[in-house]
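Reading through the structure tokens given below for one structure.
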Amino acid sequence: AIMRDEDYQGRALVKQSGPVAFHPMWGTYTAGALVGNCIMAFAVIAGVTFICCLLLSLPQFWSVVWKARDWWTLWTLLYCTRFAIFRWVVPRYVVTMRGNVMRRRVWALLFPALLLLNFVVGATSGVVRFFVMLPFMLVRFFRVDLTFLPAGYE
């Protein structure tokens, strides 16, 4: 991977402090931090992997997934309905391109339904998004070669 200047601020540290920044004390600190970070990353990833494997091996998990099939079907239908309403009904018959409401009574019927639909789909999308981003966050947070603090906090 190519490092960008805004990710790694070691050059700025050397410019500010001079060669004293590479004292042997810092060498052992960096190695210790690296090993500690690797052990912590291994522990977290091993724990998450163990929990996932344990869940996937339990028959109770699969029975819950099978019993929730009606919920998943409902969620899929809600998502498709919302997509169809926002794609074809609202832009064509209810609201103009500038945002003016053309048919107020239709909008009065659609608004509460769309509000509830977006609430349900948005809440479940947030949970799904968290689990999709979890591996990326684990890889990103356990890196030693970059910092998440801005340059002003050195």
Side-chain angles (χ1 to χ4, degrees), residues 1-13 28-154:
I2 298 173
M3 293 204 99
R4 297 184 303 248
D5 286 338
E6 63 267 7
D7 288 339
Y8 181 69
Q9 291 143 4
R11 290 185 207 100
L13 178 67
T28 57
Y29 175 76
T30 303
L34 179 63
V35 170
N37 223 9
C38 289
I39 290 172
M40 185 60 148
F42 178 76
V44 169
I45 291 172
V48 169
T49 304
F50 175 75
I51 290 172
C52 289
C53 290
L54 178 69
L55 278 176
L56 292 175
S57 68
L58 291 174
Q60 293 90 350
F61 173 76
W62 294 109
S63 68
V64 168
V65 169
W66 182 251
K67 287 179 183 174
R69 72 184 183 279
D70 294 335
W71 185 86
W72 286 109
T73 305
L74 175 65
W75 187 84
T76 306
L77 289 173
L78 285 175
Y79 190 82
C80 293
T81 303
R82 185 188 76 146
F83 178 78
I85 288 173
F86 277 116
R87 181 64 128 180
W88 294 297
V89 176
V90 171
R92 190 174 295 168
Y93 300 111
V94 181
V95 179
T96 63
M97 292 298 287
R98 295 174 54 191
N100 299 332
V101 177
M102 293 188 304
R103 296 191 170 100
R104 291 187 175 102
R105 290 184 180 151
V106 174
W107 182 246
L109 289 173
L110 279 178
F111 183 74
L114 292 176
L115 187 73
L116 286 173
L117 222 62
N118 284 332
F119 177 74
V120 171
V121 173
T124 52
S125 294
V127 172
V128 170
R129 188 177 304 119
F130 171 76
F131 285 112
V132 168
M133 289 176 53
L134 186 64
F136 173 75
M137 289 188 300
L138 288 175
V139 169
R140 188 85 173 151
F141 289 146
F142 286 117
R143 289 187 61 180
V144 182
D145 57 338
L146 46 98
T147 180
F148 291 100
L149 294 175
Y153 289 114
E154 294 175 350

Going by ring pair (Phe, Tyr, Trp, His ring centres under 6.0 Å), name the residues that satisfy it together with Phe86, two or more places apart in sequence or in a different chain.
none
The complete set of ring pair (Phe, Tyr, Trp, His ring centres under 6.0 Å) pairs with one or both residues in residues 38-67, sequence neighbours excluded, reads none
Please list all pairs passing the side chain to side chain donor-acceptor pair (under 3.5 Å) test where one or both residues lie in residues 67-86, with sequence neighbours left out.
Trp75-Thr124, Arg82-Asn118
Which atom pairs, donor and acceptor, lie under 3.5 Å between side-chain atoms of residues 100-116 and protein residues at least two apart or in another chain?
unit_1	atom_1	unit_2	atom_2	d
Arg103	NH1	Tyr93	O	2.7

Sequence neighbours excluded and cut-off under 3.5 Å, please list the side-chain donor-acceptor pairs for residues 126-137, or say none.
none

